[in-house]
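Single-structure report; data block below.
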Number of protein chains: 2
Amino acid sequence: MRQRRRRSTCPINFFVEAFGDSWSFLIIRDIVFFGKHTFGEFASSSEGIASNILASRLARLEQESILVKAPDESDRRKEIYSLTEKGLDLIPILLEMANWSAKHDPETSAPLAFVARVNADKENMFRLIRETVRAGGAIFAGPGSVVEQLAVAGPGS
Amino acid sequence: MRQRRRRSTCPINFFVEAFGDSWSFLIIRDIVFFGKHTFGEFASSSEGIASNILASRLARLEQESILVKAPDESDRRKEIYSLTEKGLDLIPILLEMANWSAKHDPETSAPLAFVARVNADKENMFRLIRETVRAGGAIFAGPGSVVEQLAVAGPGS
DNA sequence: CCGGATCCGTTTCGATACTG
DNA sequence: CAGTATCGAAACGGATCCGG
C-alpha cells in the first residue's frame with residue numbers, strides 16, 4: 001500500500017491495513033509452515049527478499065503486535081521472532097490460502113494429503129496447528145511437526 | 001509486488017502471486033460483501049482508488065481468471081464484473097480475514113453477529129454465501145443478501 | 001455519463017554495499 | 001549475523017482527456 005488510504009467500515013479493512021504487502025505473508029508463512037524464526041532464516045528462504053525490506057516488514061509486524069522479537073538465549077547474536085496470539089489467529093487464513101492454492105495452482109506445490117486432511121476436520125486441525133506453532137513447532141518442518149503428528153496418529157484418527 | 005520474484009514450492013505462493021496487492025482484495029471484497037459489479041461502483045467505494053489503478057487491477061484479476069467481464073444487457077455502456085468459480089473459491093479466505101479483523105480491530109467495524117454465525121457453522125455458511133454470490137447477490141447488500149436470508153431463517157436454523 | 005487510457009510528479013521498492 | 005545507507009528503477013496516484 002503506497003499511501004494511507006481512507007478508512008472505511010468494512011469487514012476486512014483491518015486485515016488489509018495490517019498486511020497490505022505480500023512479503024508480510026511470506027514471513028508468516030515461513031514461521032507457520034517451515035518453523036523459521038530468525039532474520040537470517042527469513043532472508044534465505046523468502047524468495048530472496050532484500051535485507052532492508054525484510055527489516056522493514058519485521059518492524060511493521062512487530063509494531064502491529066503480530067510478531068514479538070526476543071534475544072536467543074543460546075546465541076545472543078540472534079533474535080527470535082515468534083507469533084503473538086494475534087499472529088497465531090492468522091493461521092486459519094493461511095490454511096484457506098493454502099487450500100485455494102492447492103486447488104488452483106497448475107503446478108500444485110502443496111502436499112494434497114495435508115490439505116485434504118485439514119479440510120476434512122477444520123476445527124480440530126486449526127487447533128492442533130495453532131498449539132503446535134505456539135509451542136515453537138511448524139506444519140512441515142522440524143521434529144514434532146504437524147505432518148509428523150498426523151502420520152503418527154494415522155489417517156483415521 | 002514490484003517484481004516477479006523467484007518461484008518456490010510452498011503452500012501459499014500461488015495465492016500470493018495471484019494477489020500480491022491489497023487493492024485486489026478490496027475489489028473482491030466489494031463484490032462478495034457489498035454486491036458491487038461495475039467499474040464505477042468499485043471506483044466510488046474502494047477507498048478512493050485511482051481509475052488507472054483500478055483498471056489495471058481489474059485487468060489482472062480477469063487475466064488470472066478470477067473475474068470475468070461481460071456487457072450489461074440492460075445498459076450497454078456498463079460492464080459487469082463477476083467472480084468465476086476460481087474467484088468464488090476465495091470466499092473462505094475473505095471470511096477468515098473478516099473473522100480475524102472482527103477479533104482484533106479496536107474499532108470493530110464488522111457485524112459481530114454475522115461473524116459469530118459463520119464461525120458456528122462454517123461449512124454450511126461457506127456454501128450458502130458461495131451460492132448467493134454466484135447468483136449475483138452479496139453478503140450485506142441488496143435484496144436476497146446473506147444477512148437477510150439468515151434473519152428470515154432465524155438464529156436457530 | 002461510463003469505462004477506461006495517458007501524462008507526469010512523487011513515493012516506495014529493491015539490489016548492492018556497508019556497518020556494528 | 002542482524003540489520004542500515006544509498007540510489008536507480010518501478011509503481012503509484014491525481015489530473016486530465018477520450019471514445020461510445
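In what follows, chains are A, B, ... by sequence order, proteins preceding strands, each numbered from 1. From a predicted model like this one, the values you see are computed outputs, not experimental measurements.
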Per atom distances to the B:Ala55 side chain, the nearest of D:dG20, C:dG4, C:dC13 is C:dG4
(Q) Looking at B:Glu41 and B:Lys78, is there a salt bridge between them, counting it only when a charged N and a carboxylate O are closer than 4.0 Å? (A) no
Closest to the side chain of B:Arg77, out of C:dA17, C:dC13, D:dG20, is D:dG20
When rounded to whole Å, the CG to C1' distance for the pair B:Asp72 and C:dC1 reads 14 Å
Checking C:dG3, D:dT6, D:dG13 against the side chain of B:Glu79 (C-beta onward), the nearest is C:dG3
**Asked** Does B:Arg57 have a side-chain nitrogen or oxygen under 4.0 Å from the phosphate oxygens OP1 or OP2 of D:dC12?
**Response** yes
Whole-Å distance, A:Ile53 CD1 to D:dC7 C1', equals 13 Å
Regarding the side chain of A:Phe39, the nearest nucleotide among D:dG3, D:dG20, C:dT16 is D:dG3
Checking D:dC12, D:dT4, D:dG20 against the side chain of B:Asp21 (C-beta onward), the nearest is D:dC12
- request: State yes or no: do A:Leu88 and B:Ile93 share one hydrophobic cluster built from I, L, V, M, F, W and Y residues joined by side-chain heavy-atom distances below 4.5 Å, directly or via other members?
  value: yes
query: Checking all strands, does A:Arg76 fall into the base, sugar-phosphate, or nothing category for heavy-atom contacts under 4.0 angstrom?
result: nothing
Picking from C:dA17, C:dG4, D:dG13, the nucleotide nearest the side-chain atoms of B:Lys69 would be C:dG4
Would one find more than 12 heavy atoms of other residues, nucleotides or ligands at under 6.0 Å from atom CD of A:Glu123?
-> no
Side-chain atoms of A:Trp23 come closest, of C:dG14, C:dG3, C:dA17, to C:dG14
Requested in this report: Please work out if B:Tyr81 contacts a base, only the sugar-phosphate, or nothing of the nucleic acid, heavy-atom cut-off 4.0 Å.
Outcome: sugar-phosphate
Sorted by position of nearest nucleotide on DNA chain C, 5' first, the leading residue of B:Leu58 and A:Ala50 is B:Leu58
task: Indicate, with a heavy-atom threshold strictly under 4.0 Å, whether A:Thr38 touches base, sugar-phosphate, or nothing.
output: sugar-phosphate
Margin query: Side-chain N or O of A:Lys78 versus OP1/OP2 of D:dG3: is the shortest distance under 4.0 Å?
Written below: no
Check: Linking I/L/V/M/F/W/Y whenever any side-chain heavy atoms sit under 4.5 Å apart, do A:Ile27 and A:Ile80 land together?
Finding: no
Per nearest nucleotide of DNA chain C, the residue lying toward the 5' end, B:Asn52 or B:Glu41, is B:Glu41
To the nearest 0.5 Å, atom OG of B:Ser82 lies from atom CD1 of B:Ile66 at 14.0 Å
